[in-house]
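What you see below is based on every heavy atom in this structure, not just the backbone, and it leaves out hydrogens, waters and symmetry mates.
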Amino acid sequence: GGFTHILFNMLGLFFLGPLLEQFWGGKRFLTFYLATGIGAGFIYLIINFFTLNPLKNAVEDYTLNPNPDAFYMIIAEYDKYNFDYSNRVYEAYFDNPTNSSLERQTIEIANTLYNHNLNIPMVGASGAIYGILMAFGLLFPNTELMLLFPPIPIKAKYLVLILGGIAIYSGFKGDAGDNTAHFAHLGGMIVSYILLKYWQLNSKNFY
């Protein structure tokens with residue numbers, strides 16, 4: 001996802017990972033890291049499927065029955081990356097709804113939009129890093145961490161709440177050009193919480 005993305009992921013692993021590894025031991029920490037990373041990806045795929053299903057249905061319906069109003073509904077709702085161009089095509093199509101060339105162009109735009117959203121990959125270890133942060137916040141909630149930007153101390157429990165809230169807000173907001181898998185961040189935190197609660201209930205039987 002880019003050098004900065006990897007850098008901050010690994011900084012999070014470098015600063016918080018050793019503390020959890022020392023607390024759990026290497027085997028449990030490795031299990032946790034892999035489980036939260038894979039679980040985050042799985043949750044992201046599930047959420048992505050359900051969020052894209054309405055777009056898939058809309059594009060299929062539009063292909064069978066193209067018209068200016070339906071095309072505008074698709075691009076207004078889902079085209080956050082190339083809306084200016086799509087809107088210009090819509091305006092031309094609105095003025096000339098019987099133009100077969102414009103109709104084919106709108107169908108192509110709608111299908112390209114769906115394929116673009118479908119094929120956005122999830123890269124990076126962010127889900128596992130957010131899982132580590134969640135675990136640290138649950139195990140050591142009142143430990144103060146020093147932020148890099150801005151350089152101020154904050155208790156782990158508050159940092160978890162803030163970053164979790166940002167992940168939820170950013171995931172649903174979906175800004176244009178934002179290629180961050182925010183729901184994977186949230187997924188890592190969810191898997192982390194479930195895993196810690198499971199270990200607490202089965203602490204005598206784990207390893």
Without swapping roles, check the side chain of [X] against the backbone of [Y] for a donor-acceptor pair under 3.5 Å.
X	Y	value
Asn53	Phe49	no
Asn202	Tyr198	yes
Asn67	Asn65	yes
Asn87	Phe83	no
Thr36	Phe32	yes

Minimum heavy-atom separation for [X] to [Y], with atom names?
X	Y	value
Leu20	Ala135	CD1-CB, 4.0 Å
Tyr93	Pro68	CE2-N, 3.5 Å
Gly131	Ser192	O-OG, 2.8 Å
Ile132	Gly17	CG2-N, 4.4 Å
Met146	Ile152	SD-C, 3.4 Å
Ala40	Val191	N-CG2, 4.3 Å

Atom [atom1] of [X] with >12 non-hydrogen neighbours under 6.0 angstrom:
X	atom1	answer
Gln22	CD	no
Tyr158	OH	no
Met73	CE	no

What I'd like to find out is whether the side chain of [X] reaches to under 4.5 Å of the side chain of [Y], using heavy atoms alone.
X	Y	result
Glu108	Thr112	yes
Phe136	Pro141	no
Tyr33	Ile38	no
Leu163	His185	no
Thr63	Val59	yes
Val160	Met189	yes
Asn82	Leu113	no
Leu186	Ile43	no

Check against side-chain contact (heavy atoms from CB on, under 4.5 Å), Leu45 and Asn48: CA-CA 5 Å; Leu45 290 175; Asn48 204 42; 5.5 Å; no
Sequence-distant partners of Tyr62, ring pair (Phe, Tyr, Trp, His ring centres under 6.0 Å), two or more places apart: Phe71
How far does [atom1] of [X] sit from [atom2] of [Y], to the nearest 0.5 angstrom?
X	Y	atom1	atom2	answer
Leu102	Asp95	CG	CG	9.5 Å
Glu60	Leu55	CD	CG	10.0 Å
Ile75	Glu77	CD1	CD	11.5 Å
Leu161	Met134	CG	CE	8.0 Å

With Pro151 via side-chain contact (heavy atoms from CB on, under 4.5 Å) - residues at least two apart: none
Residue list, side chain to side chain donor-acceptor pair (under 3.5 Å) with Asn96, at least two apart or on another chain: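 Listed in chain order: nothing, the list is empty.
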side-chain contact (heavy atoms from CB on, under 4.5 Å) assessment of Asn142 paired with Lys157: CA-CA 7 Å; Asn142 293 313; Lys157 58 185 178 183; 2.9 Å; yes
Aromatic ring pairing Tyr90/Tyr72, orientation class (parallel under 30°, perpendicular over 60°, tilted between): tilted
Derivation and outcome, side-chain contact (heavy atoms from CB on, under 4.5 Å), residues Leu16 and Leu145: CA-CA 10 Å; Leu16 299 181; Leu145 303 173; 4.0 Å; yes
Test of ring centre spacing under 6.0 Å for Phe140 and Phe23: yes
Intermediate values then yes/no, side-chain contact (heavy atoms from CB on, under 4.5 Å), Asp79 and Ile74: CA-CA 7 Å; Asp79 195 353; Ile74 290 175; over 6 Å; no
